[in-house]
**Q** 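This structure is in structure tokens; I'll ask about it shortly.
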Amino acid sequence: MRSLTSIRPWYLGIVTPPLAVATTLAALLTLSPPASAAPVPDVPAVAAAPEASPDASADASSAVAGGADAAAVPDAVPADAVDSPAVLARAVQFKGAAFDTCQAPPLATMKAWRSSSYRGVGVYFGGRGRGCPNQQHLSRSWLASVDGMGWRVLPIFVGSQSPCVRSAAKQKVRMGSRSATQGRTEGRQAAEAAGKLGIRQGSALYLDMEAYDADNAGCARTTLAFVRAWNREVRGQGFLPGFYSSAASGVRHMEQARRAGQSDLPSVMWFARWGSGSSLYGEPTLHADAWRPHRRIHQYAGNVTETHGGRRLVVDRNTVDAPVARFKP
């Protein structure tokens, strides 16, 4: 996701009598993970934009350092299997087109853009790595107003970046060696910032991790530790953790971790691959059954100038089939 200023954000305790241990364990092994709930109807689908530098020319099939070769390991349990059914039951699903831009637009622009095919908007609500940290319009009342207009909101948190982040503009916000501690702290910050803006539990919060050298083994381990800790904290606070990155780096890295059976992975995958069409399920770095159903977003074009209702913006274009922010009880 590129910012405009940087050229381009139950546990169930089981107590079992000794004589029934074997029977209980056998029964547990046959349980299937709970199905994802989607109580809120999808917004009507519309024709087919957050902040990283997608590398469309990178070799999507190469292995990520620190992860097993994709062709050599079986599929693991879906990442969303760890999400609480209570959180899933509150999630609001959106299917359609969304845009994002560095600064949350004025309400007049959001009203004018209702004439477009977009029905979703990505907003950079927090994080020390945001390209536009001083949001002129974004507030609790702004979010309530756009929600009232019918917009679906994708909250984006641009926190500490990978030690091997490629963007020169993000070098100053690289994570340190205690990345798990940083991830936990920033996950709490994301949940608190969301709450202050009226974003309720059950919402998806998207961690923006700019493109990085995922083939650097040490860097990959440090980055994954941060992401997993951020996810754990966000889940613990009652939200769904999403992840945004370029398909050829961060997304490929998360898929390798999933195939290796890693825990605490993102619930939703927002992948950037420009110039490849707007398909959600044709991305070569992701297994066809990974992060679905209703768990994918594809950023397929960036830095595009569009005018709707007489209001012009430079945006990124996205196709969405995923959870968004929830504002109402």
Side-chain angles (χ1 to χ4, degrees), residues 1-2 9 50-80 82 127-129 157-187 206-235 241-273 283-287 290-291 299:
M1 229 173 264
R2 293 188 179 181
E51 183 183 344
S53 301
D55 183 1
S57 64
D59 180 3
S61 64
S62 60
V64 177
D69 181 79
V73 297
D75 291 331
V77 175
D80 61 3
V82 300
R128 72 191 190 102
F157 184 89
V158 192
S160 294
Q161 298 296 297
S162 173
C164 50
V165 62
R166 291 171 180 161
S167 170
K170 301 300 182 184
Q171 297 292 319
K172 61 185 178 182
V173 292
R174 289 177 295 176
M175 62 189 68
S177 59
R178 300 184 64 188
S179 60
T181 298
Q182 277 187 276
R184 183 169 61 250
T185 298
E186 294 188 28
Y206 291 90
L207 176 64
D208 181 334
M209 190 64 65
E210 298 296 315
Y212 57 94
D213 183 8
D215 291 318
N216 179 318
C219 181
R221 283 193 298 269
T222 299
T223 305
L224 183 59
F226 178 96
V227 174
R228 293 180 63 217
W230 193 91
N231 293 341
R232 282 195 301 271
E233 185 64 29
V234 167
R235 280 195 177 98
F243 180 80
Y244 168 90
S245 192
S246 66
S249 65
V251 172
R252 181 166 59 96
H253 186 196
M254 292 304 117
E255 170 65 354
Q256 289 285 359
R258 185 195 69 84
R259 286 174 175 260
Q262 187 60 265
S263 62
D264 301 315
L265 295 180
S267 299
V268 192
M269 191 58 63
W270 188 341
F271 59 95
R273 186 179 291 280
E283 171 51 44
T285 62
L286 295 174
H287 188 280
W291 282 284
Q299 182 188 91

**Q** What's the separation between atom OG1 in Thr222 and atom CZ in Arg178, rounded to the nearest 0.5 Å?
**A** 13.0 Å
**Q** Taking side chain as C-beta onward, heavy atoms only, is Phe226 less than 4.5 Å from Leu207?
**A** yes
**Q** If I compare all heavy atoms of Val227 with all of Pro266, which pair ends up nearest, and what's the gap?
**A**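 That closest heavy-atom pairing would be CG1-CG, 4.4 Å.
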**Q** Determine whether a donor-acceptor pair (N or O, by modelled atom type, separation under 3.5 Å) exists between the side chain of Gln182 and the backbone of Gly176.
**A** yes
**Q** Quick one: closest heavy-atom pair of Trp291 and Met254, and the distance?
**A**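 Closest approach of Trp291 to Met254: CH2-O, 3.7 Å.
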**Q** So Tyr206 and Trp270, would you call those rings parallel, tilted or perpendicular, with 30° and 60° as cut-offs?
**A** perpendicular
**Q** Over all heavy atoms of both residues, which pair between Ala211 and Ser246 is shortest? Give the atoms and the distance, please.
**A**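 The pair with the smallest heavy-atom distance is CB-OG, 3.6 Å.
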**Q** What's the shortest heavy-atom distance between Thr223 and Met175, and which atoms?
**A**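 It is CA-SD, 4.0 Å.
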**Q** Apply side-chain contact (heavy atoms from CB on, under 4.5 Å) to the pair Met209 and Ser249, showing each step before the final yes or no.
**A** CA-CA 10 Å; Met209 190 64 65; Ser249 65; over 6 Å; no
**Q** Could you tell me whether Arg252 and Glu255 make a salt bridge, using a distance below 4.0 angstrom between a side-chain N and a carboxylate O?
**A**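 The answer is no: the pair does not qualify as a salt bridge.
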**Q** Distance from Glu233 atom CD to Glu186 atom CD, nearest 0.5 Å?
**A** 11.5 Å
**Q** Could you please spell out the steps behind the side-chain contact (heavy atoms from CB on, under 4.5 Å) verdict for Thr285 and Phe271?
**A** CA-CA 10 Å; Thr285 62; Phe271 59 95; 5.9 Å; no
**Q** Quick one: does Asn231's side chain have a donor or acceptor within less than 3.5 Å of a partner on Asp264's backbone?
**A** yes
**Q** Please report the interatomic distance NE2(His287) to CZ(Arg258), rounded to the nearest 0.5 Å.
**A**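 The CZ atom of Arg258 is 6.5 Å from NE2 of His287, to the nearest 0.5 Å.
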**Q** What is the minimum heavy-atom distance between Leu265 and Arg235, and which atoms define it?
**A** O-NH2, 2.7 Å
**Q** If you round to the nearest 0.5 Å, how far is NZ of Lys170 from OG of Ser160?
**A** 11.0 Å
**Q** To the nearest 0.5 Å, how far apart are CD in Gln161 and CZ in Arg128?
**A** 8.5 Å
**Q** Tyr212 and side chain to side chain donor-acceptor pair (under 3.5 Å): which single residue from Arg174, Arg166, His253 fits?
**A** His253
**Q** Between the side chain of Arg228 and the main-chain N/O of Ser263, is any donor-acceptor distance below 3.5 Å?
**A**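 Present.
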**Q** How long is the straight-line distance from CD of Glu283 back to CZ of Arg273, given to the nearest 0.5 Å?
**A**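 If we round to the nearest 0.5 Å, Arg273:CZ and Glu283:CD are 4.0 Å apart.
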**Q** If you compare all heavy atoms of Pro241 against all heavy atoms of Trp230, which two are closest, and at what distance to 0.1 Å?
**A** CB-CZ3, 3.9 Å
